[in-house]
Amino acid sequence: MAKDYNFSEIEKKWQQYWSEKETYKVVEDSSKPKFYVLDMFPYPSGAGLHVGHPLGYIASDIYSRYKRLKGFNVLHPMGFDAFGLPAEQYAIQTGQHPAKTTEENIARYKQQLNRIGFSYDWSREVRTCDPEYYKWTQWAFLQMFSHWYDKASSKARPIEQLVEIFQESGNLSVDAACGEVEQFSAEQWNEFDQQRKDAVLMQYRIAYIGETAVNWCPKLGTVLANDEVKEGLSIRGGFPVEQKKMKQWQLRVSAYAERLLSDLDSLEWTESLKDMQKNWIGRSQGAEMIFKVMNGTEEYDITIFTTRADTVFGVTFMVLAPESEWVEKLTAPEYKTQVEEYLTMAKRKTERERMAQTKKVTGVFTGSYAVNPITSEKIPVWISEYVLAGYGTGAIMAVPAHDSRDYAFAKQFNLPIIPLIEGCDVSQESFDAKEGIMCNSGFLNGMSVQEAIPAAIEKVEEMGIGKRKVNYRLRDAIFSRQRYWGEPFPIYYKDGRAVAIPFESLPLELPEVDKFLPTEAGEPPLARAKDWQYEGCPIEKSTMPGFAGSSAYYLRYMDPCNTQALVSREKNEYWRSVDLYIGGTEHATGHLIYSRFWNKFLYDIGYVCENEPFKKLVNQGMIQGRSNFVYRIKDTNTFVSYNLKSQYDTTEIHVDVNIVNNDRLDIDAFKNWMPDYQNAEFILEDGEYICGWAVEKMSKSMFNVVNPDNICETYGADTLRLYEMFLGPLEQSKPWDTKGIDGVHRFIKKFWRLFFDGEELAVAERKATPAELKVLHNLIHKIETQIESFSFNTCVSAFMIAVNELTDLKCNCKEILSPIVVLLSPFTPHVSEELWHVLGNEGSVCDAQFPVYEESYTVENSFEYPVSFNGKMRFKISLSKSLSPKEVEQAVLADPNTEKYLAGNIVKKVIVVPSKIINIVM
RNA sequence: GCUCGGGUGGUGGAAUAGGUAGACACGCAGGACUUAAAAUCCUGUGGGCAGAAAUGCCCGUACGGGUUCGAUUCCCGUCCCGAGCACCA
């Protein structure tokens with residue numbers, strides 16, 4: 001049998017071996033340090049994996065294998081985020097149960113993943129749609145339902161404790177994250193009927209039903225969370241989204257805003273990702289101020305939020321959001337028609353239209369006037385779309401001189417503009433910067449803006465007309481979806497009250513339905529289920545959103561078969577939290593916020609031991625497609641090569657990248673590709689048809705999808721793994737281009753040939769030469785430092801250089817080759833495993849030890865150093881052999897150039913800096 | 001508009017506590033082996049100038065300045081590309 005590098009045979013052999021021997025199964029072992037490496041688990045779509053998907057998985061697998069070689073007990077699991085819209089849409093179209101298609105897709109994904117040679121412990125696999133898994137999603141929801149957030153102790157507490165407090169002292173002393181509740185005493189509470197008590201408690205629960213403006217997507221027939229909407233369109237499907245007031249389940253994520261923000265500092269995430277979360281949380285510090293407003297004889301106190309309390313002397317009007325509850329109360333009878341007209345107009349607009357018209361200023365006067373609490377001046381109250389109901393209090397004090405939006409509004413409606421900063425010119429635009437010296441501002445005159453802001457707040461607090469206040473942009477998460485394929489809520493309704501289904505009855509499994517569509521009455525699909533009842537009462541018909549199942553999956557991997565708890569205390573204390581999490585940035589403001597929130601909640605109630613779920617996070621870039629084009633001359637079936645196309649009137653047509661090699665079209669394959677092209681004619685250049693190309697998203701419609709199975713077929717999994725890493729830095733987005741893969745494939749073959757001379761094993765048991773040792777130790781050093789910094793592309797280069805050098809040295813020495821096999825094994829597990837055994841080793845290469853780096857082998861023999869005198873560079877000096885710093889010093893002093901520059905000065909000290917510079921102090 | 005990243009050969013990309021820019025690979029060109037192809041190997045490959053040649057010199061890391069003996073790297077300004085947020089008071 002020829003001993004050529006036969007990857008298909010090798011890969012099959014070892015994949016079977018690993019699976020039989022359960023090589024990657026991991027058990028808790030207190031004698032070893034643990035390390036938890038996690039990938040963001042995939043949604044198993046019908047299209048299967050393309051080469052972009054495994055990028056992050058390959059990186060995490062390399063790191064896991066590396067950590068194992070370093071002696072860690074590595075948890076590296078994989079699972080499936082299996083609830084979701086595509087399976088449901090497919091079910092609606094075909095009538096196939098989503099569970100079935102999901103199952104099939106998962107099988108396909110697993111097959112594809114295993115082929116690439118990942119070291120997952122499949123015994124720990126989780127699937128979010130598995131009742132044994134979603135039992136714990138439902139459990140967590142019930143916990144949130146039965147807890148409230150105590151701001152005083154900054155943690156979640158059981159609702160029973162809240163009831164006790166209410167019974168004893170009402171809610172006056174309670175500082176909770178909650179909805180709007182009136183104050184009540186213990187006596188009042190005790191006299192409330194059950195319904196009233198329920199309504200009050202609902203305002204405090206962490207999972208609660210609340211009526212708010214939500215993102216309603218009519219086309220999908222469901223509500224969506226903020227992070228599921230972008231530019232007024234749904235992320236899934238791209239359908240328009242409108243604002244609608246609805247009663248929905250929500251999670252009180254906003255209660256955790258401050259902790260979610262401040263704990264970012266403790267995480268090893270990229271700054272850009274932290275910035276994204278910071279922006280999303282959107283902390284802003286300012287003050288609330290009360291304005292008295294008169295509508296006829298009625299007087300109201302309206303609270304506004306501002307970050308610029310210092311500008312209170314420049315307030316010339318007030319503005320309410322159209323959705324504000326004050327609108328009705330403050331509209332004077334004679335303005336009623338106009339106001340209503342305006343409100344209808346504003347309501348009719350979709351979110352998208354609103355955004356498109358941000359420049360257009362609209363508004364209407366209410367007919368009421370407010371009183372500036374500091375100046376006692378009377379100012380008009382307006383309504384405008386530019387004020388948002390969901391932020392702050394839905395009402396603002398307008399300072400046109402120093403806020404560009406207020407400025408535009410004032411110009412439009414001819415309202416006064418009073419400048420408050422010395423020397424600023426507000427004739428053309430507002431002066432928004434927080435700098436300068438205050439004027440026209442009473443007691444603030446002469447202060448800088450930075451001094452005036454706190455001074456103004458202090459004054460406001462002193463007068464009792466407001467207080468210091470921090471506002472967040474982060475909203476509570478809408479948690480219901482009017483869909484079928486998601487976790488059912490463990491909630492039923494008794495006499496209209498929401499009641500928890502007890503934990504013993506979980507999991508509450510998804511019922512069968514005849515169709516996966518909403519009912520004619522517009523109810524969610526679960527309304528179709530027969531007997532969707534608990535103890536004769538109706539069960540909640542919405543299901544949970546996609547992020548529910550993915551919020552705690554990393555905990556379940558620690559203890560996937562536990563029927564008593566999400567994770568046992570013991571196992572949680574061993575694995576603690578994820579040490580390395582790899583995934584895309586697209587989850588920055590979704591999953592990565594929700595998971596942190598979920599984890600903090602479980603931490604508060606004592607179920608997990610770490611405050612943060614993901615210690616270090618690396619974002620892999622997206623792999624885009626590289627599309628190819630052919631150019632058809634209009635109204636013909638003739639195609640003209642890329643460089644000649646300017647001479648004709650052509651249409652650009654996508655062509656399947658799999659029949660293009662190095663931008664040269666395989667003409668026969670093209671003719672067979674589609675019937676239309678059977679008789680195509682070509683205008684060639686130099687006998688070839690050159691295609692155009694562009695970088696686009698990888699998608700079927702652009703014929704640029706590259707399937708990893710095909711790559712494994714022609715080059716092998718090791719080549720695929722190596723090439724994906726070689727493409728460029730992990731974090732960077734880059735187009736996939738199969739051209740170039742030959743390079744890494746050649747490398748593996750070259751590596752193979754170090755071991756075999758034709759068919760004969762050519763490894764010798766002899767002592768390594770110094771040159772060989774130097775290559776080895778240089779490599780160890782490089783790989784170690786580069787893997788630790790996730791610079792896998794340079795690792796691959798380092799391997800190539802080393803193998804080239806060993807080939808030149810004709811190295812056949814086991815002492816060198818054996819450690820190199822180990823070094824390379826995280827990258828190319830199959831061929832490394834084979835060679836490891838060829839060298840006569842037992843067990844798996846995974847159990848080997850990472851080679852130890854010895855600096856003494858790698859000291860340079862000849863080098864050139866720049867030499868500087870008193871920090872001023874003068875000349876360079878060449879030295880041969882390895883020298884100690886002392887010897888370098890002598891060599892420098894002996895150099896004739898040194899004498900030239902010394903010019904009679906006495907040398908005090910010669911400093912040899914490792915960074916290749918020698919400093920001479922005179 | 002605001003906040004982050006980033007601009008290096010024909011291509012992907014190396015190199016930053018400031019110290020020989022372009023490692024490694026692709027592509028291309030030439031050559032060896034072969035009836036031929038595949039595979040494999042060797043040589044050259046940023047631009048310009050001089051030379052028969054070895055080689056030498058000049059210019060080059062988006063653009064313009066600055067600091068420095070020395071800048072792809074640090075600072076200021078400009079342009080371009082990408083990502084995120086976007087009437088957040």
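In what follows, every chain begins at residue 1, and chains take the letters A, B, ... in the order their sequences are listed.
At a threshold of 4.0 angstrom between heavy atoms, the contacts of A:Phe726 include nucleobase atoms, whether or not backbone atoms are also involved. Counting non-hydrogen atoms under 4.0 angstrom, A:Asp406 reaches nothing in the nucleic acid. Within 4.0 Å of A:Lys278, counting heavy atoms only, lies no atom of the nucleic acid at all. Heavy atoms of A:Pro729 sit under 4.0 angstrom from primed sugar atoms or phosphate atoms, though from no base atom. Backbone-only contact: A:Arg753 has heavy atoms under 4.0 Å from sugar-phosphate atoms and none from a base. At a threshold of 4.0 angstrom between heavy atoms, the contacts of A:Glu271 with the nucleic acid are absent. When heavy atoms are screened at a 4.0 angstrom cut-off, A:Ile396 is found touching base atoms of the nucleic acid.
Using the Watson-Crick or G-U wobble rule with both distances under 3.5 Å, B:rC2 pairs with B:rG84. Searching all strands for a Watson-Crick or G-U wobble partner of B:rA89 with both distances below 3.5 Å returns nothing. Taking a pair to require two hydrogen-bonding distances under 3.5 Å in either a Watson-Crick or a G-U wobble arrangement, B:rG19 pairs with B:rC69. Applying the Watson-Crick and G-U wobble criteria (two distances, each under 3.5 Å), B:rG30 pairs with B:rC42. For B:rG60, there is no paired base (Watson-Crick or G-U wobble, both distances below 3.5 Å). Base pairing of B:rU11: its partner is B:rA25, meeting the Watson-Crick or G-U wobble criterion (both donor-acceptor distances under 3.5 Å).
The CD-C1' distance, from A:Glu385 to B:rC87, rounds to 10 Å in whole Å. One atom, CD of A:Glu429, and another, P of B:rG1, lie 12 Å apart when rounded to the nearest Å.
Classification of A:Glu258 and A:Arg283 as a salt-bridged pair holds, one side-chain N sitting under 4.0 Å from a carboxylate O.
Note on A:Gln277: every side-chain N or O is 4.0 Å or more away from OP1 and OP2 of B:rC85. The phosphate of B:rA89 (OP1 or OP2) has no side-chain N or O of A:Tyr386 nearer than 4.0 angstrom. Checking the phosphate oxygens (OP1, OP2) of B:rC4, no side-chain nitrogen or oxygen of A:Asn279 falls inside 4.0 Å. Considering only side-chain N and O atoms, A:Ser284 lies under 4.0 angstrom from the phosphate OP1 or OP2 of B:rA89. Look at A:Asn804 and you'll find a side-chain N or O under 4.0 angstrom from OP1 or OP2 of B:rA25. In terms of phosphate contacts, A:Lys749 brings a side-chain nitrogen or oxygen within less than 4.0 Å of OP1 or OP2 of B:rU40.
Relative ring orientation between A:Tyr5 and A:Phe7 is described as tilted, the plane-to-plane angle lying within the 30° to 60° band. Using cut-offs of 30° and 60° on the angle between ring planes, the pair A:Phe747 and A:Phe799 is tilted. Note: A:Tyr715 and A:His745 have perpendicular aromatic rings, judged against thresholds of 30 and 60 degrees for the angle between ring planes. In this pair, A:Phe726 and A:Tyr723 present their aromatic rings tilted. The plane angle is within the 30 to 60° band.
Base orientation for B:rG60: anti, the chi torsion being more than 90° from 0.
Taking for each of A:Tyr472 and A:Arg746 the nucleotide of RNA chain B with the nearest heavy atom, the 5'-most of the two is the partner of A:Arg746. Both A:Gly728 and A:Lys739 lie near RNA chain B, and the one whose nearest nucleotide falls closer to the 5' end is A:Gly728.
Taking the C1' atoms as reference points, B:rG84 lies 44 Å from B:rG48, given to the whole Å. Only the P atoms considered, B:rA37 is 14 Å distant from B:rG30, to the nearest whole Å. For B:rG18 and B:rU40, the P atoms lie 43 Å apart once the distance is rounded to whole Å. Here, B:rG6 and B:rU73 have their P atoms 13 Å apart, quoted to the whole Å. Comparing the P positions of B:rG12 and B:rA86 gives an interatomic distance of 33 Å, to the nearest angstrom.
With contacts defined as side-chain heavy-atom distances shorter than 4.5 Å, the pair A:Phe317/A:Pro400 qualifies.
The 12-atom threshold is exceeded at CZ of A:Phe413, counting heavy atoms of other residues, nucleotides or ligands nearer than 6.0 Å.
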